[in-house]
Structures are given as C-alpha cells and as structure tokens.
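Values reported hereafter were calculated over all heavy atoms of this structure, with side chains retained and with hydrogens, waters and symmetry mates removed. Chain naming here is simple, since letters A, B, ... match the order of the sequence lines and numbering starts at 1 in each.
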Amino acid sequence: MPETTFLIIDGNSLAHRAFHAIPHLATSRGVTTNAVFGFTSMLFKVLDEIKPDLVAVCFDKGKVTFRHDQYGEYKAHRPATPEDLRPQFPLIKEVLEAMAIPVLECEGYEADDLIGTLVTRAEKEGLSCIILTGDRDALQLVSPMTRVLLTRKGISELEEFNEGRVWERFGVTPDQFADFKGLVGDPSDNIPGVPGIGSKTAAALLKEYGRLEEVVSRIDDLPARQQEKLRDYREQALLSKQLATIERNAPLEIDLDGCRWAGPDYNRLLPVFSRLEFKTFLRTIREKLGQAEDGKDKPSPGEKQLKTHRVPFQQVKRGEDLSLLLQLCRRSGRVALALCGRRGEGPAAAALALQPPEKEGPGPTVHYLDLDAPALRTAALETLGAVCRDPEIEKLLHDGKTALWLLQHHGIPLKNLAFDTMVAAYLLNPADAGRDPADLALEHLDLVLPSRSEEALAARADAIWRLSAVLGEKLRLAEMERLFYEVELPLVGVLAEMEMTGVAVNGERLKEMSRELEGKIAALSRQIYHLAGEEFNINSTRQLGNILFEKLELPVVKKTKTGYSTDASVLEELAGSHPIIPLVLEHRQLVKLKSTYVDGMAALINPATGRLHTTFHQTVTATGRLSSSDPNLQNIPIRMEEGRKIRQVFIPRREGNLILAADYSQIELRVLAHMAGDPNLIEAFRQGQDIHTRTAAEVFGVAITEVTAGMRGRAKAVNFGIVYGISDFGLARDINVSRQEAREYINNYFTRYPGVKDYIDRTIREAREKGYVTTLLNRRRYLPDLFSANRTVRSFGERTAVNTTIQGTAADIIKLAMVRIHRELQEKKLAARMILQVHDELIFDVPAEELPVVQELVRRHMENALVLDVPLVVDMKAGPNWYEVKKIEEPAGEPPRQ
DNA sequence: AACGTCACG
DNA sequence: ACGTACGTGACGTTA
C-alpha cells in the first residue's frame, strides 16, 4: 500500500512570498491580485507534483501570540504587512475554500505552531508529511517522516529538506535547529541570539554538546572568547531558543480526517477565478472539464465530477418541424441565435433559444438545426432565413457582425438585431480580455458551457438568451443604454456592410510597386553591405546593432532590454557620423512599405471581388475607438511622400465613382474645449481660428499676426501633449527644447487656458473616486493603474484617464455620425457606400452624380452628431483615388457657425 | 511568444 | 532620483 501523504502549507509565508515574487497584477476593476495569483500558482504546482491525500493551510491569527508574552520585542522590526497585500488574504482563503482545502487558524498562535501540531499528530498516525513554507524555522520539524519544501527566489523554485539536507546546510540535526537559532538569532523575527556567535561556531558547539542548555551549563569548558560572550548573553540565548521553538501542542480542533482532500471543487472554483480574472486558470479548468466529460481523460480518483450547463434541445429532423419552429419563433417574439461556421462559409449549424411556452424560470427552450445535413439543408436554411428576415422577431446574438457574414453567404439578411452580448460586455468593461460566450456565461451567469459541438451550440444560444437580460440590466444600471442602443448596436450592421462592400484596389499597380521596391531595396542592400564590409541581415536589429556599434564603433545612444536600440530616433542622431546610416533608414522605410503594405495587402485581395475586405473590431480598444485588421486600413501611409503613394491603389468600385474623404478638423481639441468648458479655447474655435496659431499666441505672449512658423510648430506639439496627458519631458524630447523651456510652455498654456487645467485635475480626481472615467456618452473605462503603488504606473494611469475622456468622446461622436449617415444613405437609396473609418475621418465610394447630395449629407451628420459648445468642422476632399483627393470648398454664404 | 520597429489617428 | 507622451496592428527576427 502506498504511503499516505499530508501536505501542510504555511499560508502567511506563501502569501508574502507570492506578493513579492509577482510584480503587479490587478483585475480590470483595480483589485490587486498578485499575491492571490502567485499563491494559487504555487498551490496548483505543488498539489500536482505531490498528489497528497491530506492537505491543510495554516495562517497566523491574532496580533499577539504567546511569544510576545515571553518577549515583547518579538518581530518588532518586522515591517507591517504591505497595504496591497492585506486585502488579498480573504481572497486567498476564498480560493482555498473553493479548492475544498481546510484553512486552520488559532487565536494567539502562528502558522508555524499549527504546522508543528499537525505534524506531531500526523506522525503518530503513521502519515508522512510535507511542509511548504518560506520560513526556515520549519526545518526543526524535519524527521524521517517529514520533509520541508522551502521557497527560494521567485515562485517556481523550491528546495526540499530532509534530515540529510539540513545537516549539510547547517551542520545541525533538525531537532537542534531551535538551539541553533538560540545562538545565532534571527534578525527578521528580531530574535537576538548571542552577538558574535555565527552559524559555524554555533554548529560546532552543538555538535559537541548537543543542546543549548548543555552548552550553557558547561560554559567553563569553552574557549575564553566564547565563554565571555555566552556569560553576557546566557539568558538571551535561552529565550531566543524558546522563541524559535515551534509549539507542537496547539489547541487545534480539527482532526486529521478533516484534512482528507479529494481534489478541487471546480464548480466553486470557476466563479472565484472568474471574479479574480485568472484567465489562464479558467482555461485550464475548462479544458479539464471538457476532457473529463468526454471521457478521454478519466477524472483522477478523488476528483469531483464537473458540472456543466447542459440544456435540453430539440433537434429539428423533419420538414413539418421546421414550419412549427418558425411559428414558435413568431410567438416568442425574440430569438437568441447561435451559429457556427467560419467567415467565407455559410453557417454549418444553428441553435435557436426561444421564450418557453409558460414563462417559468429563466431558461429558454432550445432548437438545433443541422445546416449541413443534405436531406433537410435547403428547407432548414429557408426557415432560418424566414426567422432572420422577419422584422417582428427580435434577434439576440453574440458577435452579430460575424453572424451577418455567415448569413450573407446564403443571401439572408438579418432584421431587428436587438442585442449583441459581445458588444454589451465590451461596454461594461472594455478591458476584459475573454469575451466569448463561455467567458461571459461564467462571469455573468456562473455557468460553465460544454465544449462538445451540438451541446455547445445549444448551450450558447441558451446563454445568449440569459446574458441579454443580465447584460441589458447592467447596461441600464451603468446608464449606457443610449450608447448601446443608439450607437454601438446599430453600428454592428453598419460595420458589416462596410466590410462586405470592401475597398476596390488596383492590383496591377500594386504588383508594379512591388517590383520597383524590390529593385530599390536590392540596390540599397548592396551599398549597405559594401559600407559594412560584409553581408548581413539588415532586418535583424541584433545583426545591425553588431555592425553599427561594434564593427563600426558608432556611439551607443540607447539600449533596449535585449541589446542596442536601432530605432529611427537613434539612427537619426547618428545620421552624420557614418554614411551607412541614411541608407539603413531608407532601407527600413522601403522594406516596411513593401512587406506590410504592397505585398501584405496584395495577399489579402479577395479574388472574387478584387477588393480588400478589412475586419473592423468593435470590441478591442480600451477607449472606444474601432480597430482594423487583415489588412489594417487605418494605418495606410500619408506622412511621407513615398508611402503616401500607396494610396493611389485605393480606387472606387466602378468607373464613374469617386473617393470622398471627410475628416473632422481638430476633433479632439474641440472635444477638450467643450468638456473643459474653457472660455478662451471655446472662443478660439467659435471664431474659426487656427488653433495651433492661437495657442502659439497665447503661450508665447504675442499677437496672432506675430506668430512664426516655428512658434506654431511648438504650440502644435503642446496641443498634442495636452491631449496625451502632458509632461515636460515628453514635450521637450518631441520638440527638442530643454525641459525647463517645455515646463514653461506648459505653465503658460495652463495660465491661458485655466479651464483645461481644472478639467485635467477634476478628471483625475473623479477617476480616483470612482475607479473609472466616462466619455460624453457615458462610455466607461476602468483605470486600476491609478491605484498602483508604483509612481510611474500611477502617472501613466492619470494620463490615460484624461486622454480616454477625449479620445473616447471623439469615438462616440464619429460612431454616432456613421450610424446616421448609413441610415440616410439607405433611406435615400443612394448607391454611395461608406467604406472606411480612420478614427476622425470617413471614406466613401460615391457615384459622381451623387457627390453633391452625399457630401451635404455626410457633412450634416458629422457636424451635428452632438451639439457641443464649439462647432464641429468637417473638411471634405474628393478624387479618383485615395491619393489624389482634392479639397472641396465649404458651402459659401453660410453665416459663421456658432 | 516576445521583442523591436514602424505605419496611422 | 526616477522615467513618461494616448490609442492601435503588422512585420521580421529570435528564442
């Protein structure tokens, strides 16, 4: 019979260890969790390695222990438990409770004493013990049946001590360890020991005499120097020993059977990890769960069976069931729809969750449609189509945009998208990482979704149904209903159409550009190799660094964490010192253009449409902006002429159409003027002044007419800085002035625009009170960084707070405009299409004859998206491609906008 | 998978 | 005495 093992953990010691080993970790709402995470990691690892039969975790309890009675100064120099750690203890205990591991505490005793007591009792029962701790005192408990695992640096390294190891390391037996500490002392517990006696002497004395008491009584036999020390500190040594001796008979009420451990209770653990946002643990558990249920991996003997949210569902198998399903959907009035399939294909299956006949309980009834089964395929798709098309039936989805793509494959439109759980969850907390239905079900419903396909799809539909109610209510409480129902939800369909329309590109021109770039890059490479005296990989920063800073011995300007920095700012600084530098810079630029834009985009042209169909992400950014990928069409070059030419390949979809580009002028500064309510800044915009010139006049104290180009340039940087959360350092670096000078500009700015200063202060203060900031439409971002103990991180949080209100409000505004523009283009049955959004601009593909109408419509919706205290101004350009767009003058004769 | 770099607003 | 501008995505290299 295998031996029975008892794992005993010093909870306090491990928590401290974890706290110091894990740098910084917090939930998206700012709850610090680094110690909980580290503790849990260590726990899992050790449980996995040892597979104990019994487990217990001991904690200190009470400020005063019996040791304080013996010695008032006990642990007096120990720094107080860090403020960030204290609130993590309850969380750790929560994890332990969910793990079904007993937590032991005893008033007036330290964890050590409880461990000593447990070990003593366990050994009597013939159990072998393993103690996990960071406290060396525990070494006195080592015996033939008991080992100690001591944490070393970090959380992953453990050192195992048996009797032999203790002897090797300290030269004493475990049961002499308290005697040893009596002589040597322990500064961390403020145990004095005998000054002047170190570990070598102590070990030698104990080897000779066995016990401290014996050493003391035979004091006359000792060498003179030690005699002296011991005579002076005799009492102190004995007291020190007493303090270091672990109590083995604490009044613990639990019996050993109470520590039997049969594996974690995953069902209790999941919601705990979910609240702590331990995504990797959650994933591991979910995987385990799936495997256990599929029977591929038998649950280990004691492991509890995992419970999953299984929902009964009806598989639609016959034609008549289909027409019944449609009727049921109509009667229900709303349907949660889950589809499976990839973009570019039709859906392979669908699950529909409906209102149950009698409204009992929160659960819907679920129907499952196999859309790949040949027999029923056509009829099933028709039924699905009828449900989707019916504007009377509300559709609840998760990621409606992808659903629109799948349905569109069969020409099915989706009317009445009434909820999107992915978008709703994003608004509730844009920082949350996991946002698939299983993550949301866990977080908001405490349900674990199954992973097997039909079951999973049915459960997903069920979860979407329930989540719509729960998330809808949370949106209401957060006052985000307008943002959700008027902006984000309608935007889902708008973005889908933009993606599907796509952007036509001139593929031939792209190929030409690729060849041209290829030639230029090859020529540059040859010159670079020649100057370097050898061939190397110019794309490798490491190889380039070696050439520049070792072979050519150029001065090292900046380092990265892995070596020399070779970024553009470094190379520009070195430009004069070697002819190779400008060539490398140009090489970099051309390689970027070729790989990312020319070749990268060419590979993504849809062969069927000849266009690029980017994906817009509505639930990615922390601020509320969109992002774009595959390809990213929000970062097409414009600043450098060579790159800007890429825009030539973006053309209208047909002969006779034009590209129309409409961009907000200075939207972020206008938003700032409004939100800050600064009279001076508002006035500047109302008068239609060039804002950078105006700021230059204010900051440099000159008349508008006296502002030079240089002054305007610096003022422009100041304006940018304000939006980003300014610092003198950043500004100084950006415009190449001294830090003092930058400081002065900023001070002048705040004097001239005092409302802005107030706004920044107010925003940060409110963010600290609430833990989050909001935009004009109540979009929310939590900022846990504001509460960091690290000053740099905190400052970052403060800059982010200010920037998010501005960037996010600008995002609110353009999204609102997009929804309304799309709506009116549709109502007017115009052939013009909105094809791109680039944060502050919208791009359209417009038949020439529609240009006047579309232009007016676009301007109207963009400029009036929200009424602010300053006008919103839109600049319009049009042309045969995205490169050759020329400014269209604003309608004349209008009175100056107020 | 992480890093450095660089394209955009 | 620190170390900083805010928000993204794609590429190639290196581990």
Report the nucleotide, chosen from [options], that has the shortest atom-to-atom distance to any side-chain atom of [X].
X      : options              : answer
A/N632 : B/dG4, C/dG9, C/dA5  : C/dG9
A/K561 : B/dG4, C/dG3, C/dG9  : B/dG4
A/F729 : B/dA7, C/dC11, C/dT4 : C/dT4
A/T562 : B/dG4, C/dG9, B/dG9  : B/dG4
A/R647 : C/dG3, B/dG4, B/dC8  : B/dC8
A/H617 : B/dC6, C/dT4, C/dG9  : C/dG9
A/I638 : C/dG12, B/dC8, C/dG7 : B/dC8
A/Y597 : B/dA7, C/dA10, B/dC6 : B/dA7
A/S595 : C/dG7, B/dC6, C/dC11 : C/dC11

Any N/O donor-acceptor pair, [X] side-chain to [N] base, under 3.5 Å:
X      : N      : answer
A/Q807 : C/dC6  : yes
A/R588 : C/dG12 : no
A/R739 : C/dT4  : yes

Would you say [X] places a side-chain N or O within less than 4.0 Å of OP1 or OP2 belonging to [N]?
X      : N     : answer
A/R799 : C/dC6 : yes
A/T566 : B/dT5 : yes
A/T560 : B/dG4 : yes

- Could you label the plane-to-plane angle of the A/F278 and A/F281 rings as parallel, tilted or perpendicular, counting under 30° as parallel and over 60° as perpendicular? perpendicular
- Query: Would you call the rings of A/H692 and A/F720 parallel, tilted or perpendicular if under 30° counts as parallel and over 60° as perpendicular?
  - Reply: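 The rings of A/H692 and A/F720 lie parallel, inter-plane angle below 30°.
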- Query: Given that A/N803 and A/T792 both sit by DNA chain C, which one's nearest nucleotide is further toward the 5' end?
  - Reply: A/T792
- Item | Paired nucleotide for C/dA5 [Watson-Crick or G-U wobble; both distances under 3.5 Å] | none
- With both distances under 3.5 angstrom, what nucleotide forms a Watson-Crick or G-U wobble pair with B/dC3? C/dG12
- Query: When all nucleic acid strands are considered with a 4.0 Å heavy-atom cut-off, which category describes A/I636: base, sugar-phosphate, or nothing?
  - Reply: sugar-phosphate
- Query: If you look at every strand shown and take non-hydrogen atoms under 4.0 Å, does A/R791 touch a base, only sugar-phosphate, or nothing?
  - Reply: base
What is the separation between atom [atom1] on [X] and atom [atom2] on [N], rounded to the nearest whole Å?
X      : N      : atom1 : atom2 : result
A/L783 : C/dC6  : CG    : P     : 12 Å
A/L672 : C/dA5  : CG    : C1'   : 15 Å
A/N539 : C/dA10 : CG    : C1'   : 14 Å
A/N719 : C/dA5  : CG    : P     : 19 Å
A/D630 : C/dG9  : CG    : C1'   : 9 Å
A/K558 : C/dT4  : NZ    : P     : 9 Å
A/E572 : B/dT5  : CD    : P     : 13 Å
A/L585 : B/dG4  : CG    : C1'   : 15 Å

- Message: Would you measure the distance from the P atom in C/dC2 across to the matching atom in B/dC6 and give it in whole Å?
- Response: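 That atom pair is separated by 27 Å.
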- Message: Would you measure the distance from the P atom in C/dA5 across to the matching atom in B/dT5 and give it in whole Å?
- Response: 14 Å
- Task: Test side chain to side chain contact (heavy atoms under 4.5 Å, CB included) on A/Y426 and A/T621 and set out the steps.
- Result: CA-CA 9 Å; A/Y426 168 69; A/T621 71; 3.4 Å; yes
- Does the distance from a Lys or Arg side-chain N to an Asp or Glu carboxylate O, for A/R739 and A/D728, drop under 4.0 Å? yes
Side-chain donor-acceptor contact under 3.5 Å, [X] with [Y]:
X      : Y      : value
A/T805 : A/Y759 : yes
A/R611 : A/T501 : no
A/S514 : A/D599 : yes

